[in-house]
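To start, the structure itself, in structure tokens.
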Amino acid sequence: MEKSKVSDILDEIGTLLELRGENPFKCRAYHNAARAIEGVTGDLNALVTSGEIRNVKGIGEAIAEKIAELLSTGKSKYYEELKASLPEGLMTMLKIPGVGPKKVKVLYEKLKLKSVNELEAACKAGKLEKLEGFGKKTEENILAGIEALRRYSSKFLFSVAEKAAINVFEVLSKQKGILRAEIAGSLRRKKEVIGDIDIVASAKKSAVDAIMKMFTSHPDVARITGEGPTKSSVVLNTGINCDLRVVDDAEFPFALNYFTGSKDHNVRLRTIAKKFDLSLNEYGFSRTGSEEKRGKAKKIVACKTEEDIYRTLGLSYVPPELREDFGEIEAAEKHSMPTLISEKDIRGTFHCHTSYSDGANTLLEMAEASQSLGWEYLGIADHSKIAAYANGLTEARVKKQQKEMESLNQKWSGFRIFMGTEVDILPNGELDFSDNVLSTFDYVVASVHSSFKMTESDMTKRIVKALKNKYVTMLGHPTGRLLLQRDAYPINQTAVIDAASDYGKIIEINAHPFRLDLDWRMCKYAKDKGVKIAINPDAHVVDGLLDVRYGVGIARKGWLEKKDVINTLRLAEVKKLFGIRIT
DNA sequence: GCCGTTTTCGGCCCGACTGTTTTCAGTCG
């Protein structure tokens, strides 16, 4: 059993105990243990066998036994019994924003509600307001929460969908008879959230049957929803729909282009094609125009690659990440496509957490992971003291962490840890550390993590006040555009970017889909104002560092070039930017 | 259920908001 699976089960035990109203500290012990396991490096099996697992903080005798049982038998009797004691639907009810274990427990015990559907009906019938501690407003909030849950339940985070897609794709692309294969759709466009996975392949006719068979019998497939000679559809174990289309190799670039989308981008391409008397679809170009013209050039225009398609239409090649009809067609017509940043351009990052606060990995592990990515630096910005939920650092712990950073920095040449902090912007715009403390950091990220429901004007004032502080280097997740997040707050982005420009501050763009802040229009505004932008991978774990890829996708949609994004700067340039003496 | 020790059991992260109450419980980050 995988480490993450063990961690998931421990976490679920904690939640099940909460639903049963057990000792809250016991519940928390399971949640803590789940986090501890997630953060363990190395082989879990070996740790359990050697008994070293007991040295992991948060793992005691009872939980260690359960982990050992999970690893050796794949099951846990305790977990199974706990799960069987409650209806499955209760866990889904917990996903509704504003609904926690205590409420679910009451709803189950008093109203016998066992599922989201039953809860919805009860709300509509006004049954909840009769319960103690519930009211009309609670019903309204729950109904709105259910709607939000339904809207997003069929969506998956990029990183989740990508992992699922790669598992299938790797096996598929090695299949005999495959000529070309690509992951298409919103995944190829690096959208923040993904609806389903589209794979396009070309193959020899004789091999198609075997390829389809291989696809539908892949171990990750939970259910087959369609199987034909050109298209098969499955639902993967993760719950994501996955389509495979197999076409003739001559059709491949057209199919890839068509199924990559976006729909709006494709509509624009087809409109342009018409000007050339061409018709474009997922199979190829064909001549339209007069009978005479068709007679002369009956043959369709052959294209070997997507680049050929764009060239035929008189356009520069448009990278998938820009295909949203956000102005990329116009740029391609003028052959003025910007030089966008790529993963290779990233030299480091500035907003990572470690196990000092709520990160899963130690400072050393994070630093080593960055070096293995070929980066020149890593900026650590753990939470400040008021963020107790995230184990924010007190002044004393800041000192300790900085000491560790200094000693690590002495070990390496050509790589540097930047000592930062993610300091909370308090409701009144003051910061959670004194200027004295702030002055000890290489740079300071200032973020809002509380009191989200201020008016736009008050929130903007709060943030602008924080930006004025001379020790603040950048504004952390300036949340204005909301996606799936709960900790969203209203700000006047234009005013905040103006302030950033006035005070020479950096603005973050989040690679984290729950905190997607600046859309491409705001990026453009920031760029025009000369405000530098940092990609924030919001990395709490080593794996999370890799999410920078996906930050690159977002940066691309923001039309950001290398020079606009500070994560692409060389070490010496960053030192200069932060005002650190170059030694 | 875990931790840390004062080795046998008490304490376990905090602040704000919301909706319910009329002083507080539940939820969230």
Side-chain angles (χ1 to χ4, degrees), chain A residues 9-37 53-67 76 78-79 82 93-107 123 128-145 148-149 353 355-359 382-394 397 422 424-428 430 432 447-455 458-459 462 476-477 479 482 484-490 512 514-515 538 540:
Chain A
I9 289 176
L10 292 175
D11 204 49
E12 205 180 321
I13 291 177
T15 309
L16 288 165
L17 291 171
E18 279 171 339
L19 287 174
R20 289 181 33 138
E22 303 267 347
N23 177 349
F25 296 108
K26 179 173 168 180
C27 305
R28 192 186 296 169
Y30 278 94
H31 291 304
N32 288 343
R35 272 186 68 86
I37 292 301
I53 191 79
R54 290 284 273 103
N55 297 335
V56 176
K57 196 168 161 2
I59 309 293
E61 197 185 335
I63 292 184
E65 263 175 36
K66 289 179 182 78
I67 295 171
S76 155
Y78 183 65
Y79 169 60
L82 211 47
M93 282 162 70
L94 284 174
K95 289 184 182 157
I96 303 166
V99 176
K102 299 275 171 58
K103 284 209 173 87
V104 170
K105 187 168 182 284
V106 171
L107 292 170
C123 284
L128 266 63
E129 54 190 291
K130 296 187 183 80
L131 293 174
E132 201 187 325
F134 288 74
K136 191 135 196 73
K137 192 83 189 147
T138 316
E139 280 178 347
E140 284 168 20
N141 286 345
I142 291 178
L143 284 172
L149 181 68
H353 297 267
S355 48
Y356 270 92
S357 67
D358 60 349
D382 272 316
H383 288 282
S384 60
K385 60 175 187 260
I386 201 167
Y389 62 88
N391 192 22
L393 275 65
T394 57
R397 292 179 62 224
E422 182 181 16
D424 259 62
I425 303 175
L426 305 175
N428 62 6
E430 305 272 325
D432 190 29
S447 304
V448 168
H449 289 116
S450 64
S451 306
F452 301 119
K453 296 204 170 163
M454 296 172 88
T455 63
D458 284 347
M459 184 63 88
R462 171 182 177 186
H477 40 82
T479 306
L482 323 178
L484 307 176
Q485 67 209 98
R486 291 174 189 176
D487 63 333
Y489 54 82
H512 194 294
F514 288 100
R515 287 184 178 155
D538 214 338
H540 288 67

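Letters A, B, ... are given to chains in the order of the sequence lines, protein chains preceding strands, and every chain is numbered from 1. Atoms considered below: every heavy atom in the structure, side chains included; atoms not considered: hydrogens, waters and symmetry mates.
Relative ring orientation between His383(A) and His449(A) is described as perpendicular, the plane-to-plane angle rising above 60° on a 0-90° scale split at 30° and 60°.
Residues forming a salt bridge (charged side-chain N to carboxylate O under 4.0 Å, His left out) with Glu140(A) (at least two apart in sequence, or on another chain): none. Here Glu65(A) pairs with nothing under the salt bridge (charged side-chain N to carboxylate O under 4.0 Å, His left out) rule; sequence neighbours left out. Residues forming a salt bridge (charged side-chain N to carboxylate O under 4.0 Å, His left out) with Arg20(A) (at least two apart in sequence, or on another chain): Glu22(A).
Across all strands, Ser450(A) comes closer than 4.0 Å to no nucleic acid atom at all (heavy-atom distances). Across all strands, Pro24(A) comes closer than 4.0 Å to no nucleic acid atom at all (heavy-atom distances). Residue contacts shown for Val56(A) are limited to sugar-phosphate atoms, with no base heavy atom under 4.0 Å away.
When the C1' atom is compared between dT21(B) and dG26(B), the two are found 13 Å apart, to the nearest whole Å. For the P atoms, the distance from dC28(B) to dT23(B) is 26 Å, rounded to whole Å. Across dC13(B) and dT8(B), the matching P atoms stand 24 Å from one another, rounded to whole Å. Atom C1' of dT22(B) sits at a distance of 15 Å from the matching atom of dT18(B), rounded to the whole Å. Comparing dT20(B) with dC24(B), their C1' atoms are spaced 8 Å from each other, to the whole Å. Going from the C1' atom of dC9(B) to that of dC14(B) covers 25 Å, rounded to whole Å. Nucleotides dC17(B) and dG10(B) place their P atoms 36 Å apart, quoted to the nearest Å. Atom C1' of dG11(B) sits at a distance of 14 Å from the matching atom of dT6(B), rounded to the whole Å.
Comparing Glu61(A) and Gly100(A) against DNA chain B, the residue whose closest nucleotide sits nearer the 5' end is Glu61(A).
For Ser451(A) and dC17(B), the shortest distance from a side-chain N or O to OP1 or OP2 is below 4.0 Å.
Following rounding to the nearest Å, Lys95(A) (NZ) and dC28(B) (P) show an atom-to-atom distance of 14 Å. Separating the CG atom of Leu94(A) from the P atom of dG26(B) is a distance of 14 Å, rounded to the nearest angstrom. As rounded to whole Å, 12 Å separates atom P of dT27(B) from atom NE2 of His31(A). The distance from atom CZ of Arg54(A) to atom P of dG4(B) is 11 Å, rounded to the nearest whole Å. We find that CD of Glu22(A) is positioned 14 Å from P of dC2(B), with the value rounded to whole Å. Between the C1' atom of dG1(B) and the CG atom of Leu16(A) lies a distance of 16 Å, rounded to the nearest Å. When rounded to the nearest whole Å, the span between CZ of Arg20(A) and P of dG1(B) equals 12 Å.
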Enumerate the protein-to-nucleotides 18-25 of chain B contacts in which both atoms are nitrogen or oxygen and the separation is below 3.5 Å.
unit_1: dG19(B); atom_1: OP1; unit_2: Asn141(A); atom_2: ND2; d: 2.9
unit_1: dG19(B); atom_1: O3'; unit_2: Thr138(A); atom_2: OG1; d: 3.2
unit_1: dT20(B); atom_1: OP1; unit_2: Gly135(A); atom_2: N; d: 2.5
unit_1: dT20(B); atom_1: OP1; unit_2: Gly135(A); atom_2: O; d: 3.2
unit_1: dT20(B); atom_1: OP1; unit_2: Lys136(A); atom_2: N; d: 3.4
unit_1: dT20(B); atom_1: OP1; unit_2: Thr138(A); atom_2: N; d: 3.3
unit_1: dT20(B); atom_1: OP1; unit_2: Thr138(A); atom_2: OG1; d: 2.6

Under 3.5 Å, N/O pairs linking protein and nucleotides 5-8 of chain B:
none

I'd like a list of close polar pairs between nucleotides 11-14 of chain B and the protein, N/O only, cut-off under 3.5 Å.
unit_1: dC13(B); atom_1: OP1; unit_2: Arg28(A); atom_2: NH1; d: 2.5
unit_1: dC13(B); atom_1: O2; unit_2: Ala388(A); atom_2: O; d: 2.6

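Arg35(A) CZ: 12 or fewer foreign heavy atoms inside a 6.0 Å radius.
Residue Tyr30(A) forms a side chain to side chain donor-acceptor pair (under 3.5 Å) with just one option from Glu12(A), Lys66(A), Glu18(A), and that option is Lys66(A).
Asp358(A) places no side-chain N or O within 3.5 Å of a backbone atom of Asn391(A) that could act as its donor or acceptor partner.
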